[in-house]
Amino acid sequence: MLSYPATIPLSSRTLNHLAERVRIHRQQRRSRWRRLDPGRQALLTLAHLRNGDTYARLAAGFGIGVATAWRYVREAVDLLAAAADDLATAMQRIRKLAYAILDGTLIPIDRVADQKPYYSGKHKRHGVNVQVIADAAGRLIWASAALPGAIHDLSAARVHGIVDALASADVMTFADKGYQAAGGSVRTPFKRRRYRPTLSRRQKVVNRTHARIRARGERAIATLKTWKILAKLRCCPRRATAIV
């Protein structure tokens, strides 16, 4: 089998951050010996998450077994997930923003035994629904736990308590038409209805301005999708939340 060197488009700061968490975890468990040191385990994990390399390829490149590669990646992912902010913690930063942008995205997955809950009629594919909150510059502030893809964006936002949290913090929030009737501080564009087949000139201007603001939220979703592992999850959907 041939091997070759490759790069990961991440900074050494990211590697050191994860390596330190792995090192502390090993000290707490009093782990004496591992096939890879904390730095190499962190590099292995980042290669899997960022570049989407399979366990078989990583095992061959790092000189370990496939089961060992799987175990190392799972351990490091769980350490990162445990340090993630919940919504209440994230709201401490969100309430300081001039305004927030709320959007949902579908993370594709392989088909599972119980397909119906994960099939999104909107995207015509199987996946999990993740809600994203971004700031005015499009920076990712918070990402929700993953729900089955069949769930509507507004329903998902309510399940996570996002709408109520934003309303309590009185944060102006821009969202797309999928969040119509969300209420609170969520603002959505005007939508044509049966009794209103056309929009007025003022409503069209408001919609264009709203779209320009909301488009910045796509940068936050792009931040997630630059991690190639999220291009299509090939693990159990229950692992999606930890990976996100």
Treating Ile, Leu, Val, Met, Phe, Trp and Tyr as nodes and any side-chain heavy-atom pair under 4.5 angstrom as an edge, say whether [X] and [Y] lie in one connected cluster.
X	Y	answer
Leu80	Ile141	no
Val66	Ile229	yes
Phe174	Ile221	no
Val132	Val186	no
Leu140	Trp142	no

Residues clustering with Tyr119 (ILVMFWY side chains joined when closer than 4.5 Å, directly or via others) =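 So far as hydrophobic clustering goes, Tyr119 is joined with none.
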Could you work out the complete set of other residues in the hydrophobic cluster of Leu147, with links drawn between I, L, V, M, F, W and Y side chains under 4.5 Å apart?
->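 When side chains under 4.5 Å apart are linked, the cluster holding Leu147 also contains Ile151, Val159.
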Using side-chain contact (heavy atoms from CB on, under 4.5 Å) as the criterion, list what pairs up with Thr7, not counting sequence neighbours.
->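 Expected list: none.
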For Arg57, check side-chain contact (heavy atoms from CB on, under 4.5 Å) against everything at least two apart and list the hits.
->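 Once residues adjacent in sequence are excluded, the partners of Arg57 under the side-chain contact (heavy atoms from CB on, under 4.5 Å) criterion are Tyr4, Asp53, Thr54.
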Has [X] got a side-chain atom pairing as donor or acceptor with [Y]'s backbone, closer than 3.5 angstrom?
X	Y	result
Arg35	Gly63	yes
Tyr55	Thr68	no
Glu20	His17	no
Thr223	Arg219	yes
His210	Ala175	yes
Lys204	Arg201	no
Arg30	Gln28	no
Asn16	Ser12	yes
Gln180	Pro189	yes

Test: [X] and [Y] ion pair at under 4.0 Å:
X	Y	answer
Asp78	Arg239	yes
Glu75	Arg34	yes
Arg216	Asp135	no

Do the non-hydrogen side-chain atoms of [X] and [Y] ever get within less than 4.5 Å of each other?
X	Y	value
Arg50	Lys228	no
Ile64	Leu36	yes
Met91	Leu166	yes
Lys191	Asn207	no
Thr45	Val77	yes
Ile107	Lys225	yes
Asp153	Asn129	yes

Side chain to side chain donor-acceptor pair (under 3.5 Å) partners of Asp103, counting only residues at least two apart |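 Side chain to side chain donor-acceptor pair (under 3.5 Å) list for Asp103, sorted by chain: empty.
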So with a 6.0 Å cut-off around CZ of Arg193, is the heavy-atom count from everything else above 12?
->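 Buried by this count: over 12 neighbours within 6.0 Å.
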State the [atom1]-[atom2] distance between [X] and [Y], to the nearest 0.5 angstrom.
X	Y	atom1	atom2	result
Arg187	Ile101	CZ	CD1	15.0 Å
Leu106	Leu230	CG	CG	11.5 Å
Leu79	Arg74	CG	CZ	12.0 Å
Leu102	Tyr179	CG	OH	4.0 Å
Gln115	Asp110	CD	CG	11.0 Å

Go through the steps to decide whether Met172 and Ser185 satisfy the test side chain to side chain contact (heavy atoms under 4.5 Å, CB included), and finish with yes or no.
-> CA-CA 5 Å; Met172 178 73 72; Ser185 59; 5.6 Å; no
For Leu43 and Ile8, run side chain to side chain contact (heavy atoms under 4.5 Å, CB included): C-alpha distance rounded to whole Å, both residues' side-chain angles, the deciding distance at 0.1 Å, then the answer.
-> CA-CA 9 Å; Leu43 186 63; Ile8 305 175; 3.8 Å; yes
Does a donor on one side chain sit under 3.5 Å from an acceptor on the other, for [X] and [Y]?
X	Y	result
Gln41	Arg26	yes
Ser120	His123	yes
Arg21	His25	no
Thr241	Arg238	no

Which atom of [X] lies closest to which atom of [Y], heavy atoms considered:
X	Y	result
Gly39	Ala19	CA-CB, 4.0 Å
Pro237	Ile109	CG-CD1, 3.9 Å
Pro108	Ala231	CG-O, 3.4 Å
Ala182	Leu154	CB-CD1, 3.6 Å
Tyr118	Asp114	CD1-O, 3.5 Å
Ala143	Val244	CB-CG1, 3.9 Å

For Phe190, all residues meeting ring pair (Phe, Tyr, Trp, His ring centres under 6.0 Å), sequence neighbours excluded =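 Result, ring pair (Phe, Tyr, Trp, His ring centres under 6.0 Å) vs Phe190: none returned.
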Test side chain to side chain contact (heavy atoms under 4.5 Å, CB included) on Asp85 and Gln92 and set out the steps.
-> CA-CA 10 Å; Asp85 291 340; Gln92 297 177 9; over 6 Å; no
Checking side chain to side chain contact (heavy atoms under 4.5 Å, CB included) for the pair Thr188/Asp176: CA distance, chi angles, key distance, verdict?
-> CA-CA 6 Å; Thr188 57; Asp176 61 24; over 6 Å; no
